[in-house]
Amino acid sequence: MGNRNSYRAFAPACVRLILYVALPALLLALQAFVLLYAGRSLLEVCAGLYGAAAVFFDFWIFGGICARGTMAFEYLKTSVRGTKLIERALVWDGFCHFCGMAAIILPGAVLERILPPSEGVAAGMTVRLLTVLFLDYAVWLLAASAARHVTMMVWYYLISVCAMGIFMALTAGALGQIAAGHIWVLVPAAAAALLLAVFSVKHVMQRMEGSYRDETIKTGSADD
Amino acid sequence: MENVIQVKNVEKNYKNFRLAVPKLAIPKGFATALIGENGAGKTTLINILAGTRLDYKGELCFFGRYSDADREKPESGVREAIGYTGPGCYYLPHWNIKQVGEVSELLFENFRPERYGRLLAELGLVGEGNPGSGKKVSELSDGNRMKLMLAGVLARDTKLLILDEPASPLDPLMRDKLCEMIREYLADGGGERSVLFSTHNISDMENVTDYAVIMEHGAVVEQGFVEDLKEKYVLVKGEREDAEMARKILYSMTENRYGFEGICLAEKLDGLAGMDVCTETPNLFQISVAVMRENTSLQFH
């Protein structure tokens, strides 16, 4: 049972196709279009859109897995492989999303080299690209971790919209600092991404461990 | 007689409830029904035996040699040998029927995809006019979700099935089918397979029940092979004028204006000497209700 197979068990093929093929392609095409015809960089906006979409689509992957009162872990608990299965799926999910974001941001930077924007942040700044990538990843991790506590799609939608807003605000601040020469903003962005990557997996695993104890996960009255 | 599960001094405390089972043995090769009213502790006990809850005290022994600590070790194969279905639905709601099979294949070495497909068709979950393998778990009715769980566990080569209220969401026809599947499961095992299920539908499940365990207030109040219980208890029917005298002897009694009917321990039948009564062999439903009434906190008039 590898990471990829574990992830495939949770993420339907159509969701993977949208998240890792269709959406990046669409957003890159949008960046190219806006660069060509408006001379504006849309890299950060596209990164934010992708992050928000990734939060929303998490509904069909790990939707409600940490929600109170659900039995989401029960089937996994009946097997000795259950813990490993979900842990591997979460790790691979994190890796795939990082790659998906990189697939928008890095080619987007290449597009900016080919079609330089008439105004905005200068193209090709490594610090800028990495900061945007780490911020996008960190915000996605935080929002997805929160969203996994709810079971209704409308909450996933609201959380994804908030994630987009938070990302744009953080990115605007960070890029302002970079433009002023304060490239150290990359460090907290990277640290946040790393810590949240570990936290997001640990948090779900802790919920799963806690579900073995009725005092921790209150599923209602004692029993039937 | 060999036992598939032995329970020793198992205890679990909630705020207003305590499960305490000093000793319980589930016989190997038979179908055991765990019977009790709401709140008796059936699901709590089943969760402990299935290993989905680990916050309890006491000892368990599986298949005559594995402890509950061994159950958590992959090399023991205990979890592979146990098939469990829960009271609600324990699949992620956005999984579809096909995904359930894919996940099951990753989780269990003994999962047989071809048998899973056959069971889905047999239970009417796939095929013309049926939900289909693309149908999400959340979109299935309660009955179809239970059928999906049953297809999932029966598609594995297990030695023990632990089923929590498998009959509750099923229609009468499907309950009959469930009994047939349990009988086939036991027959194909050649005495090596066992089934433990909790139920409220005693009447529907009686024809597949070999051994009964009756629980009340977190304790086992009666247990035994059904045939032995039918010899231990007697159904007594008599005239109304004898009701007051009979009440002192009978284990439980119901009365109407024509007479009374009640369950009596066979050893106390002599106490009814001199009364105009007739006796019958009770069924499991009557025995269970009588035992539960004797121990319940519900008020009866």
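Note on naming: letters A, B, ... go to the chains in the order of the sequence lines (proteins, then strands), and numbering restarts at 1 for each one.
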Let me confirm one number: the CD-CG distance from A:Glu74 to B:Asn47, rounded to the nearest 0.5 Å. 6.5 Å
When you check the side-chain N and O atoms of A:Thr78 and B:Tyr90, is any donor under 3.5 Å from an acceptor? no
Neighbour count >12 (heavy atoms, 6.0 Å) for atom CE, A:Met153: yes
Can you tell if the side chain of A:Tyr75 reaches within under 4.5 Å of the side chain of B:Trp95, non-hydrogen atoms only? yes
d(A:Arg81 CZ, B:Leu106 CG) to nearest 0.5 Å is 8.0 Å
Testing the basics here: between B:Leu107 and A:Ser79, what is the closest heavy-atom pair and its distance to 0.1 Å? O-OG, 2.6 Å
Indicate yes or no: at least one non-hydrogen side-chain atom of B:Val78 is less than 4.5 angstrom from one of A:Val80. no
If I measure from the heavy atoms of chain A, does B:Lys136 come under 4.5 Å with its side chain, its backbone, both, or neither? side chain
Contact listing (chain B partner; residues 10-25 of chain A; heavy atom under 4.5 Å): A:Phe10, A:Ala11, A:Pro12
To the nearest 0.5 Å, what is the distance between CG (B:Asn96) and CH2 (A:Trp60)? 14.0 Å
If you count heavy-atom pairs under 4.5 Å between each of B:Arg79, B:Met149, B:Glu80, B:Glu102 and chain A, which one has the most? B:Arg79
Less than 4.5 Å to any heavy atom of chain A: does that hold for the side chain of B:Ser198, its backbone, both, or neither? neither
Rounded to the nearest 0.5 Å, what separates atom NZ in A:Lys77 from atom OG1 in B:Thr52? 5.5 Å
With rounding to the nearest 0.5 angstrom, report the OH to CG distance, B:Tyr56 to A:Asp214. 13.0 Å
Classify the ring geometry of A:Phe59 against B:His94: parallel below 30°, tilted from 30° to 60°, perpendicular beyond 60°. tilted
Quick one: do the B:Asp55 and A:Tyr212 side chains pair a donor with an acceptor below 3.5 Å? no
Is it the case that atom CZ in B:Phe285 sees more than 12 heavy atoms from other parts of the structure closer than 6.0 Å? no
